[in-house]
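My structure is below; once you've seen it, I'll send some questions.
Each chain gets a letter, A, B and so on, in the order the sequences are listed, and its residues count up from 1. Values below: every heavy atom of this structure, side chains too, minus hydrogens, waters and symmetry copies. Model, not experiment: these values are computed from the prediction.
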Amino acid sequence: MYKLENYSNKEITHLLRSIAAVHQLKGKNRFRTIAYENAADAVEHLSREIKDVWEEGKIYQVPGIGEIIGSSLNELFKQGRSKHFDSILAQVPTPVFELMKVRSIGPKRAYKLVTILGLDHSDNIFTDLKKAGEEGKIAEIENFGKKSEQEIIAAINLYRQRSAKADRMPIPYAKRIADEVINYLKNHPQVMRVDALGSLRRWEATIGDVDLAVQVKREKLNGKSYKNIIDYFIKYPKKIKVENAGENKASIIVSPNIRIDLRIQEEAGYGSMLQYFTGSKAHNIKLREHALAEGFSLNEYGLKKIRSPSTSLRTSPKSPPQRKGGDPRNNSQIMEFSNEHRLYEFVDLQYIPPEIREGTNEIELAQKNQIPKLVEVADIKGDLHVHSSYNLQPSHDLGENTYEEMLKKAKELKYQYLGFAEHNPKTSGLNEKEIIEIMKKRYLEIEKIRDAEIKVKCFIGLEADILPDGSLALPEKAIDYVDYLVVSVHSAFNLNVKAMTERVLKALEYPKVKALGHPTGRLLGKREGFELDWERIFNFCARKNIALEINSWPQRLDLPDTLAREGLRHEVKYIINTDAHATQEMEGMRYGVSVARRGWCGRSDIINTLNYSAFKKWLNNKS
DNA sequence: GCCGTTTTCGGCCCGACTGTTTTCAGTCG
């Protein structure tokens, strides 16, 4: 029987996939299998922990989770077991589910291996199976052969290496890997263009593998095969393994265990490829369903007319041939699109930016022309959370660059203003009077340069620790020497929801508090965020004119995108900051903007898109 | 099992690659 340790998304995903596998193996209703797989996909790509979503009573808002799966998860979270799940899982030996974690082993192969080799009760399925493979027993099974046997042994080895590591990468890391491969590919004379797609193009908080599309010119190729480019790709110097390599696509693993998927397309159909390979999977499924309703079958090459729109009730059927846009090549039956915008237009949808292609309700809203204009980096007028090297004896780490250097960088980034928010002076070893002196001295220091810089104005901020009891790690009198405060939790992360919420709300009551810094405290891959009563926080901040920070630091990306979208319903405002500790890190604004975009934020939802005077007014206006 | 500007019933995306196969099943994205 399954063992759950921490109810992480990873564990729940695997649980749901296991149930899907049982349904598939028992083969009664394949749509039930699909339903569980869809639910698993949804949990896997959720930007927050499913258990937190459940605790907020919003589990049914996750697309793909309905009455039965939702109530079973409810039981599971509450009592540690679900009778319904248990009864399904009991139909198949547990080692089957373990084996399915290995690449190239799906439900059917896992089931065959476990039952035929008599490993139903194996405690160490990977070791046992590997041993069987080394003894040649796998190859003897029907429909398996020598190659499959080798493949399985290799896959087990890889799985064991990989499972020891964090399996999703921070975006900058994935981008670096992608860029190296892109540069390599661009050296090939037939390659016209290379794009990183998939979760990288959607700017997901963490990246599983790297998806690349290559555009080639037909006349430069002999015939229609892209074999020569595939061959070049699989010779990539850092490749450690070729997963597969066919006519149209290939996958390699590069050191230290990152998968790169490649697809190739000519210019005429490149828009379709961009769309398909950007995903998400859930978005593509919904888009294809939508296309079907319009009478078209959609794939990665284009659209095929299948019939008149199936709906008899449709009152004003637009007959497809008259449509503008697209790149109809009717002679070949498939309509190609060189341009992604035209593809969406052709199926009567507003263009949908990659960041929100997550299969929530973007298709429905695009039909109604209700996709908002999302905020862009160019809209950002200032960064209000940067750490300089000015030594105010901070409680946490100091920055690397001086005020002047950071202002210069801000100018380079075309900002109108910059807000310094070093950590508050440490409270141990310094008495209140000393702290106030330090703050005053710093105030005067910044005052000196405040107007020296003509183009970039600066604000005097501070990032103050929220202590466990909700008070700030700063004497009230010291607040006189700042323009605003960002308050953040840096300790005692394990309070319960109620205590944590009270703690934060109390801190937000202090004068000059204008932002809640990295609101969940999460560190991707290291630490889960703490829980808050978001309804209360959102409502409080909206009422008090306090912004929630969207922290651009790639390991934070905090507030998470799904919460950002939720906050919009409460009319919360956000402030996107880099939390930079060096000038170079100030360039990371794009990461935070991406979170905001994934959270459906427009320019007016982001407070630091205001120009200097409007922003200053907002800063001084605490209702 | 899920889901709904057409629906609370009756549908449910689409294709590439590999290995073991002479036509397809399994896995993956």
Side-chain angles (χ1 to χ4, degrees), chain A residues 16-17 19-21 23-25 28-42 44-45 60 62-72 84 88 100 102-113 138-139 141-152 155 197-199 208-211 226 230 242-251 259 261-264 272-273 275-293 296-304 306 309-316 334 348 359 361 363-365 367-368 370:
Chain A
L16 293 169
R17 279 203 210 296
I19 295 168
H23 286 310
Q24 189 186 347
L25 292 167
K28 286 246 168 70
N29 177 355
R30 74 187 181 95
F31 294 110
R32 194 170 291 166
T33 307
I34 292 171
Y36 273 98
E37 273 169 0
N38 286 342
D41 286 341
E44 186 169 35
H45 290 104
Y60 295 106
V62 177
I65 294 185
E67 194 43 51
I68 291 174
I69 296 180
S71 62
S72 301
H84 184 236
I88 297 169
M100 281 168 45
V102 176
R103 173 169 291 279
S104 83
I105 301 183
K108 297 195 177 181
R109 292 177 101 181
Y111 187 74
K112 266 183 131 174
L113 289 167
I138 293 178
I141 303 173
E142 194 185 0
N143 282 317
F144 286 77
K146 265 289 160 211
K147 281 192 174 174
S148 299
E149 188 170 80
Q150 289 310 310
E151 181 188 24
I152 286 167
L197 305 176
S199 52
D209 53 25
V210 172
D211 298 318
Y226 307 128
I230 298 281
V242 177
E243 283 271 306
N244 55 58
E247 297 273 308
N248 298 297
K249 65 177 207 178
S251 305
R259 183 187 165 102
D261 291 329
L262 185 81
R263 301 279 309 219
I264 298 175
S272 298
M273 181 57 73
Q275 194 290 311
Y276 157 75
F277 215 19
T278 297
S280 66
K281 189 178 170 187
H283 173 81
N284 284 0
I285 289 174
K286 290 197 172 183
L287 184 63
R288 286 169 177 189
E289 285 170 351
H290 169 77
L292 272 181
F296 296 93
S297 171
L298 171 66
N299 62 28
E300 56 264 53
Y301 305 107
L303 285 168
K304 269 182 291 192
I306 48 165
S310 59
T311 64
S312 47
L313 295 178
R314 200 176 166 121
T315 46
S316 59
I334 183 137
D348 287 327
N361 60 347
I363 305 272
E364 290 95 308
L365 292 175
Q367 269 180 290
K368 295 188 273 188
Q370 289 175 3

Practice problem: Please name the residue in the list A/Arg103, A/Arg109, A/Lys146 that meets the salt bridge (charged side-chain N to carboxylate O under 4.0 Å, His left out) test with A/Glu151. | Solution: A/Arg109

Quiz item: When all nucleic acid strands are considered with a 4.0 Å heavy-atom cut-off, which category describes A/Ala250: base, sugar-phosphate, or nothing?
Solution: nothing

Exercise. Identify, between A/Tyr301 and A/Tyr36, the residue whose nearest nucleotide on DNA chain B lies closer to the 5' end.
Key: A/Tyr36

Practice problem: Measure the distance from CG on A/Leu287 to C1' on B/dG29 and round it to the nearest whole Å. | Solution: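 Distance, rounded to whole Å: 16 Å.
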
Practice problem: To the nearest Å, give me how far apart CD (A/Glu300) and P (B/dA16) are. | Solution: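 One finds 6 Å between P of B/dA16 and CD of A/Glu300, rounded.
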
Quiz item: Between A/Leu25 and A/Lys108, does a side-chain contact (heavy atoms from CB on, under 4.5 Å) hold up when you go through it step by step?
Solution: CA-CA 7 Å; A/Leu25 292 167; A/Lys108 297 195 177 181; 4.3 Å; yes

Quiz item: Expressed as a whole number of Å, how far does the P atom of B/dG15 sit from that of B/dT21?
Solution: 27 Å

Exercise. Could you check which of B/dG4, B/dG1, B/dC17 has an atom nearest any side-chain atom of A/Glu364?
Key: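 So the side chain of A/Glu364 is nearest to B/dG4.
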
Quiz prompt | Distance, rounded to the nearest Å, where A/Gln275 contributes CD and B/dC14 contributes P | solution =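 Checked: the CD to P distance equals 13 Å.
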
Practice problem: Could you work out the separation of B/dC14 and B/dT7 based on their P atoms and round it to a whole Å? | Solution: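 It works out to 23 Å between them.
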
Quiz item: Which part of the nucleic acid, if any, lies within reach of A/Lys146 when heavy atoms closer than 4.0 Å are counted: base, sugar-phosphate only, or nothing?
Solution: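 Counting heavy atoms under 4.0 Å across all strands, the contact made by A/Lys146 is with sugar-phosphate only.
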
Quiz item: Shortest non-hydrogen contact from A/Arg288 to A/Asn299?
Solution: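 The answer is NH2-CA, 3.7 Å.
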
Quiz item: How close or far is atom P of B/dA16 from atom CD1 of A/Ile230, stated in whole angstroms?
Solution: 13 Å

Practice problem: Measure from CZ on A/Arg30 to P on B/dC12 and round the result to the nearest Å. | Solution: 9 Å

Quiz item: Thinking salt bridges, do A/Arg259 and A/Asp211 make one under a 4.0 Å N-O criterion?
Solution: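 The answer is no: the pair does not qualify as a salt bridge.
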
Quiz prompt | Residue-phosphate contact under 4.0 Å: A/Lys281 side-chain N/O, B/dG29 OP1/OP2 | solution =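 A/Lys281 to B/dG29 OP1/OP2: no side-chain N or O under 4.0 Å.
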
Practice problem: Consider the side chain of A/Phe31, meaning its heavy atoms from C-beta on, and name the nucleotide among B/dT20, B/dG1, B/dA16 that approaches it most closely. | Solution: B/dG1

Practice problem: Between B/dG19 and B/dT23, how far apart are the C1' atoms? Round to whole Å, please. | Solution: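 One C1' to the other, the span is 13 Å.
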
Self-check item: Pairing partner (Watson-Crick or G-U wobble, both distances under 3.5 angstrom) of B/dT18
Solution: B/dA25

Quiz item: Once you round it to whole Å, what is the distance between P of B/dG26 and CE of A/Met100?
Solution: 14 Å

Quiz item: Looking across every strand, which nucleic acid part, if any, lies under 4.0 Å from A/Lys368 by heavy atom: base, sugar-phosphate, or nothing?
Solution: base

Self-check item: Whole-Å distance separating the CD1 atom of A/Ile68 from the P atom of B/dG1
Solution: 4 Å

Quiz item: Are A/Glu300 and A/Lys249 close enough for a salt bridge, meaning some N to O gap below 4.0 Å?
Solution: no

Quiz item: Just how far, in rounded Å, is P of B/dG29 from CZ of A/Phe277?
Solution: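 So the CZ-P distance, A/Phe277 to B/dG29, works out to 10 Å.
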
